[in-house]
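Following: one structure in structure tokens, then a few remarks.
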There are 2 protein chains.
Amino acid sequence: MPAKENLRPGGRSARVQASVHNAVRALLKNMDRADVTIPLIAAEAGVTPSTIYRRWGELQELLADVAVERLRPDMLPIDTGSARGDLEVWTEQYCEEMSSGIGRDMMRDVLAAQDNANACKCDAFTREQIALIAERAHARGEAFPDIDAVMDGVVAPIIYRILFGDQPSIERVRDLMTGVFAAMPTRQPQPASAPISG
Amino acid sequence: MPAKENLRPGGRSARVQASVHNAVRALLKNMDRADVTIPLIAAEAGVTPSTIYRRWGELQELLADVAVERLRPDMLPIDTGSARGDLEVWTEQYCEEMSSGIGRDMMRDVLAAQDNANACKCDAFTREQIALIAERAHARGEAFPDIDAVMDGVVAPIIYRILFGDQPSIERVRDLMTGVFAAMPTRQPQPASAPISG
DNA sequence: CGCTAAAAGCAAATAATTTGCGTTAATGGA
DNA sequence: TCCATTAACGCAAATTATTTGCTTTTAGCG
């Protein structure tokens, strides 16, 4: 139902979409999300409300659309020199972003939508980032856990805790990471491996 | 904001609440959740819409309220004779319930609400069920993982996958459970150690 | 029993959503 | 390049949902 993908990529349509997205971001910055309505967004974006209704159906789909764009990673995972360090830094940053008020709201928006395509996208973004870290690890000759193991062992617990009311602590996040590395099938890592200290 | 707790427990108020909850359940059984509106619920429940608006504020809070009641466990975890068996059976049932269309919808309702009190309740329900299994294990003198280890290692991955688009398979769920038991610190189980207080 | 106030009902006012139809402009083919 | 086609938009009227002020009911309590 929410167009976004299969719409005419050409000028006006894209312009309207960008304008609406910008309007949503601008409004969310300044006011409580409970007070943001479609007519308000339309006014801010300079379009007529029916355009939004026809393209997104309801507010939640639009919010989910906007949220997923903001959740798209905008940089490569930081290279610390070791797989474990890479994952640790990435995980802590991910956890911080997602625990913040904005991150929570965006995740809520994505999950609240009828259409779960956006939720799938978020999952894909995360997997891609971890895959990049894994690739680097392999290129260095370091052992690295399966993506699924990282998702189940680190990402899922973080997200679960954020969604269900508990703020995950840095210590807990480190423990989760340690657990995933410990559970990794121990085939011999090639010589170049260099685990971080501390 | 959503009353439900601190309301007058007496006759009329409780009657209205029950009537509204029943109306929601009845409507959700027969129609798409996108077509359920507050005026419709009010008509079905035989109350005036403004009553619902004043008590719950918006549809999502009401849906979350109803959903959390349906997510409340209505029976003790099945006793299979062993801790591992108990957890396995419970986990598989939990996974099935949550993966089903109804379970997903209820979880979505709970998470979509502004107020996350209901989400916390769901987490508490799950912890209580696992705590019961843990108590039985301790009473039998069996080792059992920490509740947090089970939440992070089994529950969180299941819920994450359901929310973010992947259906967790029975095999994967068993693997998760095996992992949690394997990672358990292997202190010797005392014979008939004291049950946890709770 | 009678008082007080929380919760419900009712109806008018306001706001959001849907819908029909005319207009604009992106796309694709001649 | 121009034209035909049609998706997407704008506008405005109709419908539906939400809010609000006021009245009535009734739970809670001395």
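Throughout, protein chains are lettered first and strands after them, A, B, ... in sequence-line order, and every chain is numbered starting at 1. What's counted below: heavy atoms across the whole structure, side chains too, no hydrogens, waters or symmetry copies.
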Take atom CH2 of A:W56 and atom C1' of D:dA8, then tell me their distance rounded to the nearest Å. 11 Å
Does a nitrogen or oxygen in the side chain of A:T51 sit under 4.0 Å from OP1 or OP2 of D:dG10? yes
Taking only residues two or more places apart in sequence, or in another chain, which ones meet B:R84 in a salt bridge (Lys or Arg N to Asp or Glu O under 4.0 Å)? none
Using whole Å, what does the distance between atom P of nucleotide C:dG9 and atom CZ of B:R55 come to? 10 Å
Sorted by number, the residues of residues 34-46 of chain A with heavy-atom contact under 4.0 Å to DNA chain C: A:T37, A:I38, A:P39
I'd like a table of atom pairs between the protein and nucleotides 18-23 of chain C - only N or O on both sides, under 3.5 Å - with the distance next to each one.
residue, atom, partner, partner atom, Å
C:dG20, O6, A:R54, NH2, 2.5

Is B:R140 salt-bridged to B:D86, going by a charged N under 4.0 Å from an acidic O? yes
A:R15 has an atom CZ; how far is it from atom C1' of C:dA25, in whole Å? 9 Å
Pairs under 3.5 angstrom only: tabulate donor-acceptor contacts from the side chains of residues 122-130 of chain B to other protein residues two or more places apart or in another chain.
residue, atom, partner, partner atom, Å
B:D123, OD1, A:Y160, OH, 2.7
B:D123, OD2, B:R127, NE, 3.0
B:T126, OG1, B:C122, O, 3.1
B:R127, NH1, B:D148, OD1, 3.0
B:R127, NH2, B:D148, OD1, 3.1
B:Q129, NE2, B:M75, O, 3.2

Parallel, tilted or perpendicular: which describes the rings of A:H21 and A:W56, with under 30° parallel and over 60° perpendicular? tilted
For A:I52 and D:dC9, give me the distance from atom CD1 to atom P, rounded to whole Å. 10 Å
Taking transitive links into account, so neighbours of neighbours count too, which hydrophobic residues share a cluster with B:I170 at under 4.5 Å side-chain distance? none
Sole residue of B:P157, B:S100, B:S99 in side-chain contact (heavy atoms from CB on, under 4.5 Å) with B:I162: B:S99
Looking at B:E171 and B:R174, is any side-chain nitrogen of the basic one under 4.0 Å from a carboxylate oxygen of the acidic one? no
Those residues at least two apart in sequence (or on a different chain) that pass salt bridge (Lys or Arg N to Asp or Glu O under 4.0 Å) with B:D175 are none
